[in-house]
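Computed over heavy atoms, backbone and side chain alike; hydrogens, waters and symmetry mates excluded.
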Amino acid sequence: MKKILFCLITTVAAANLNAQISLTATAGTTTGTYTTLKGAFDAINAGTHQGAITINVTANTTETASAVLNASGGTVSYTSVLIKPATGVNATITSTDTVATIKFNGADNVTIEGSNNATSSRNLTISNTFVATTGTTPVVLWVASTLTNGSENIAIRNTNFAGSSGTGTIGGIIVSGTTLGAAEFSNNNFSAINNTFVRAQNGIFAIGNATNTDTGWIIRNNVIGSTVAADKMLYRGIAVQNAKNFEVSGNTITGVALPAASTNTTQGILIGAAVTNGTIFKNRISDIKQPNTSGYGAVGLYINSNVAASNLLIYNNIINDIAGTGYSLGGGLADNGNGIVLGNGGGFKLYYNTVVMDTNQTNAGRPSALNIISTVTATGSIDVRNNIFINKQTQAGDRYTIYSGGANTVFSNIDNNDYFTTGANLAYIGSARATLANLQTGFGGNVNSINVSPTFVSASDFHIATSGNAALDNKGTAVAGVTVDADGVTRNATTPDLGSYEFTAIVLGTQDLAAGKNQISFYPNPVVDFVHINYDRKIRNVEVYNVTGQQLINETINAEKGSVNMSRLPAGLYILKVNSDKDSQSLKIIKK
């Protein structure tokens, strides 16, 4: 009897030791261990574990089939589910299932928290390694509605997602309905924050209900794609369709590339179908390519709403390295590389974006930094201000900064932009426009726009260098709703800078500057602690920047004399930006 009892205890202990999933619940059976996430979900679906449930992944799991979590109701009775790696554990949940590694099937209040230490570290990987055959394209995580329930309040944070290949996995995360299309029921309040995505057709593709559009989506600070060819996305980084009150911000999309025979358009970010009241900002998009030699398109940011009054605020995005193969007979998106494309609908506000076309197409064509397709027709539906649109390509043919297939009546406001190209023509509307004056005539507005080649910090860093850019300094106009730049630096309230980053041009004077009749002086220079500033105008505030353009101090003065404490700054060269109610002066100072 003792021997049998000992064997039983040993068997139970071994089973617990090999369990990769540890579960706690506040109702029903309050604890459990499983070898797979599917096993834990099956127990929850059977009503074994109830209430607030926490699932700790204590080791790698290999799922035998899709881990499906059903909606709470009837036998299934939970208030929330949290899935996370155990403290200090790095774990992978992997599957070769042909549908999905994980599927939320009308489930509510579910969080995947990938950090094992309550920070932003990514310690959980979810993958699908099935090598797809024709017609079979699994998903890593599928957030699905049923015919009667949406999967609401789903939060995905700090997690790595990996498919088998760009062709073999349809998406890292798909939000949709019972099939991989529009949702039959709204999946409201979905969020994906600080995740990574490699090897799939799409990083995140979220499709809401076309009639009762989904609300409250947040897609923020994700890293999608890779510089490694095998890890790139196939079609697009992010897609959002049929959504309202949504945010797509702070995402880095590096690497979307189709095979050479593909006839699709590659996209960094797609915002389309019924979309309203959204903000798309501070996204960094690069390396979006379409290599088909017959000529197909690549787009950094593609806005394709079917709503004439979408009310989309698009600002502080940085886009470069976008290239199609090139095709000269059409100016639409289908065959060329374009930084931003407005393809349908209206109600678009484009502010403070930096778009640089700096990768050559193979063939001559009509690439542009901003392309407005002829299907955008609503009068006064586009507001374009404070942007930098640059085309530095050198291939033959047209190389536009802005191309419009429609009339200039679609613009409610277009001004305070910088347009520069290495090509013969700066813009196109009705016909090619060679000069800034021609552009102003064709597009209207643009009285305060300029034609200047910016000097950036580097070929991959699109902060404006502090030297060589005096012609760009303070050339913007304040716009409602945008008060900081892509670094979070406060924009000048009256004369902000163009593009995604505020900057201060170095003035190579010493300590006394004259601006017409207005005199400014400051001392000492070099400075140890306090720098003292005198001006014959009332100084509103003084900003201190380092040489990369990062704001370090913003001191309110509201007097003709004032002091700024620089004692905590390290030794080096700094720029003081002295702002009055009527102008700004930039001064170089050395900190000892």
Side-chain angles (χ1 to χ4, degrees), residues 316 352 386 416 418 448 450 452 454-457 463-479 482-592:
N316 286 349
Y352 298 110
N386 299 336
N416 296 89
D418 180 26
N448 299 295
I450 58 177
V452 173
T455 300
F456 297 109
V457 168
H463 287 84
I464 301 296
T466 54
S467 60
N469 287 299
L472 273 172
D473 201 16
N474 300 319
K475 292 300 188 293
T477 183
V479 294
V482 182
T483 59
V484 298
D485 74 357
D487 286 334
V489 174
T490 300
R491 294 259 183 202
N492 187 297
T494 54
T495 55
D497 291 317
L498 306 182
S500 299
Y501 302 106
E502 286 284 292
F503 79 101
T504 298
I506 291 177
V507 176
L508 298 177
T510 53
Q511 294 177 220
D512 294 294
L513 296 177
K517 296 181 180 180
N518 305 113
Q519 301 291 329
I520 186 171
S521 64
F522 65 106
Y523 65 91
N525 186 14
V527 62
V528 175
D529 43 30
F530 284 89
V531 57
H532 307 285
I533 305 163
N534 299 321
Y535 199 12
D536 60 2
R537 285 180 173 174
K538 184 178 180 180
I539 302 169
R540 185 177 68 247
N541 68 305
V542 177
E543 303 166 75
V544 179
Y545 293 85
N546 61 20
V547 293
T548 67
Q550 180 184 12
Q551 186 187 70
L552 306 175
I553 297 172
N554 189 341
E555 185 76 22
T556 300
I557 303 295
N558 288 327
E560 292 183 354
K561 297 180 180 180
S563 300
V564 177
N565 186 358
M566 298 181 63
S567 62
R568 295 186 179 182
L569 299 181
L573 177 65
Y574 295 91
I575 298 92
L576 301 179
K577 189 174 183 181
V578 182
N579 302 308
S580 73
D581 289 333
K582 295 185 178 181
D583 66 0
S584 296
Q585 298 284 354
S586 299
L587 319 169
K588 183 174 69 172
I589 190 169
I590 297 171
K591 170 64 167 58
K592 294 177 68 174

Nearest heavy-atom pair of [X] and [Y]: which atoms, and what distance?
| X | Y | value |
| --- | --- | --- |
| S586 | T504 | OG-CG2, 3.2 Å |
| E502 | T490 | CG-O, 4.1 Å |
| P454 | D418 | CG-OD2, 3.6 Å |
| F530 | S563 | CD2-CB, 4.1 Å |
| L472 | I450 | CD2-CD1, 3.6 Å |
| K591 | V528 | CE-O, 3.1 Å |

With distance as the sole test, does [X] use its side chain to make a donor-acceptor pair with the main-chain N or O of [Y] at under 3.5 Å?
| X | Y | result |
| --- | --- | --- |
| N469 | T455 | yes |
| N386 | G476 | no |
| D473 | D497 | no |
| N416 | K475 | yes |
| N316 | V484 | yes |
| D487 | V489 | no |

Would you call M566 and I589 a side-chain contact if the rule is heavy atoms closer than 4.5 Å? yes
Heavy atoms, side chains only, cut-off 4.5 Å: are Y501 and I464 in contact? no
Gap separating the [atom1] atom of [X] from the [atom2] atom of [Y], nearest 0.5 angstrom:
| X | Y | atom1 | atom2 | answer |
| --- | --- | --- | --- | --- |
| N448 | L498 | CG | CG | 10.0 Å |
| L587 | K577 | CG | NZ | 11.5 Å |
| Q550 | Y574 | CD | OH | 10.0 Å |
| F522 | K588 | CZ | NZ | 9.5 Å |
| H463 | F456 | NE2 | CZ | 11.5 Å |
| L576 | S584 | CG | OG | 12.5 Å |

Distance alone, cut at 3.5 Å: any donor-acceptor contact between the side chains of N492 and T494? yes
Which class fits the ring pair Y523 and H532: parallel under 30°, tilted 30 to 60°, perpendicular over 60°? tilted
Sequence neighbours excluded, which residues qualify as side chain to side chain contact (heavy atoms under 4.5 Å, CB included) partners of [X]?
| X | result |
| --- | --- |
| N558 | K538, R540, T556 |
| S580 | Y535, R537, K582, D583 |
| E555 | I553, I557, V564 |

Step-by-step side-chain contact (heavy atoms from CB on, under 4.5 Å) determination, T483 to R491: CA-CA 5 Å; T483 59; R491 294 259 183 202; 5.6 Å; no
